[in-house]
Amino acid sequence: MAAIVRLSSVCHRGLKPLFYRSTLLARPLVAPHKDQERPYLLTARIHASQALHAGSGSKAASLHWTGERVLSILLLAMGPVAYFYPSPVMDYSLAAALTLHGHWGIGQVLTDYVHGDTKIKIANASLFVLSTVTFAGLCYFNYNDVGICKAIALLWSK
Amino acid sequence: MALLLRTLARQGVCLSRPQYSVLYRHAAPMGTTAKEEMNKFWAKNTRLNRPMSPHITIYKWSVPMMMSITHRGTGVALSGAISAFAVAALVLPGSYSHYLDLIHSLSVGPYLIGLAKFGIAFPVSYHTYNGIRHLWWDIGKGFKIPEVYRTGYTVIILSIITSIAVAFL
């Protein structure tokens with residue numbers, strides 16, 4: 001779940017309230033230096049390991065979140081397009097989009113309910129295998145059989 | 001790093017003063033990460049064999065709660081169905097039309113076929129409409145409680161109507 005930081009909490013009220021919100025403490029903003037010449041009151045200067053350099057966290061989770069939403073919108077658009085213009089291109093696009101959307105969705109379910117380092121690893125590995133097999137099976141069906149669009153049309157005609 | 005900052009905040013040190021801005025640029029890892037803390041929590045509970053507090057058995061159910069878990073349920077079910085279809089395509093010897101004819105030859109009544117079509121159409125429409133509602137939330141709109149209920153009922157009604165309409169196609 002993404003933590004949405006509303007812009008109004010950053011503007012208007014200055015930086016002070018920010019430092020008392022634990023969600024932001026991991027990524028602090030740099031306060032402006034007004035008196036550069038004043039000697040530092042604290043003498044202890046601890047040096048960080050590179051990995052903990054303030055402000056330079058990984059954007060992987062945020063990008064993943066955005067990717068999930070973009071894919072959802074893409075999949076939404078594919079529905080009517082596949083209905084009005086069925087084709088092998090739509091078959092394979094649908095196969096890819098459906099598999100990835102499902103993979104990321106089940107991934108979130110596993111993250112919510114599976115706890116413990118090894119269990120998480122096993123669950124995610126199994127999901128990866130399942131998604132790979134699913135995509136392979138759908139592509140096989142598209143290539144050797146009628147394809148997804150035609151299959152749905154045929155199913156509904158009975 | 002967060003622990004360091006919180007300790008200072010507790011002692012009344014205001015970090016927005018200029019001379020302290022250097023602190024969080026050079027901070028040593030003094031505590032555990034959130035992930036480590038989470039895992040410790042779960043490990044301790046399993047180790048001590050603690051029973052889980054009643055939650056879904058005692059908390060009053062609400063429409064938003066039910067819609068949320070239905071969204072998850074339909075998602076998992078649809079994903080499972082697609083995976084099952086894909087595995088069947090790889091494993092079963094006959095062609096798709098062959099198996100369709102097999103189902104045809106069972107001569108199931110029109111009502112059961114309509115019911116089956118509704119059974120397929122409903123999870124797809126509900127998950128799609130509620131998905132749009134989720135995207136609406138993602139752009140920050142519709143969080144007021146009356147709005148949550150309004151959009152929720154709209155999704156339910158639209159899903160039923162769409163599924164019935166599609167089942168008649």
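Worth knowing before you read on, the calculation uses all heavy atoms, side chains too, and leaves out hydrogens, waters and symmetry mates.
- Note that CD1 of Ile139(B) is 12.5 Å distant from CZ of Arg69(A), once rounded to the nearest 0.5 Å.
- In this structure, Leu94(A) is a member of the same hydrophobic cluster as Phe85(B), with clusters built from ILVMFWY side-chain heavy atoms closer than 4.5 Å.
- Heavy atoms of Ile113(B) lying under 4.5 Å from chain A belong exclusively to its side chain.
- Contact of Val91(B) with chain A is not made at all, since no heavy-atom distance falls under 4.5 Å.
- Of the two parts of His127(B), only the side chain, counted from C-beta on, holds a non-hydrogen atom closer than 4.5 Å to a non-hydrogen atom of chain A.
- Both the backbone and the side chain of Leu154(A) come within less than 4.5 Å of a heavy atom in chain B.
- Hydrophobic clustering keeps Met90(A) apart from Tyr92(A) (ILVMFWY residues linked when any side-chain heavy atoms are closer than 4.5 Å, directly or through intermediates).
- Contacts between residues 71-88 of chain A and chain B, counted as heavy-atom pairs separated by less than 4.5 Å, involve Ser72(A), Ile73(A), Leu76(A).
- The environment of Phe128(A) atom CZ is sparse: at most 12 non-hydrogen atoms of other residues, nucleotides or ligands sit within 6.0 angstrom.
- Distance CG/Leu138(A) to OG/Ser83(B): 8.0 Å, rounded to 0.5 Å.
- At least one side-chain heavy atom of Leu100(B) sits under 4.5 Å from a side-chain heavy atom of Leu155(A).
- Counting heavy atoms of neighbouring residues, nucleotides and ligands inside a 6.0 Å radius, atom CH2 of Trp136(B) does not exceed 12 of them.
- Contacts with chain B (heavy atom to heavy atom, under 4.5 Å) involve these residues of residues 112-124 of chain A, listed by number: Asp112(A), Tyr113(A), His115(A), Gly116(A), Asp117(A).
- With respect to chain B, the highest number of heavy-atom pairs below 4.5 Å among Phe141(A), Trp156(A), Phe135(A), Tyr140(A) belongs to Trp156(A).
- Across Val133(A) and Ala86(B), no two heavy atoms sit closer than the pair O-CB, 4.3 Å.
- The contact between Ile103(B) and chain A is made entirely by side chain atoms (from C-beta outward), counting heavy-atom distances below 4.5 Å.
- Heavy atoms closer than 4.5 Å to chain B are found in both the backbone and the side chain of Val109(A).
- Of the residues considered (His104(B), Lys35(B), Arg72(B)), Arg72(B) shows the highest number of contacts with chain A, using heavy-atom pairs under 4.5 Å.
- Between the side chain of Tyr96(B) and the backbone N or O of Ala151(A), at least one donor-acceptor pair lies under 3.5 Å.
- With values rounded to the nearest 0.5 angstrom, Ser95(B) atom OG is found 11.0 Å from Asn144(A) atom CG.
- Expressed to the nearest 0.5 Å, how far CD1 of Ile148(A) lies from CD1 of Ile82(B) amounts to 8.0 Å.
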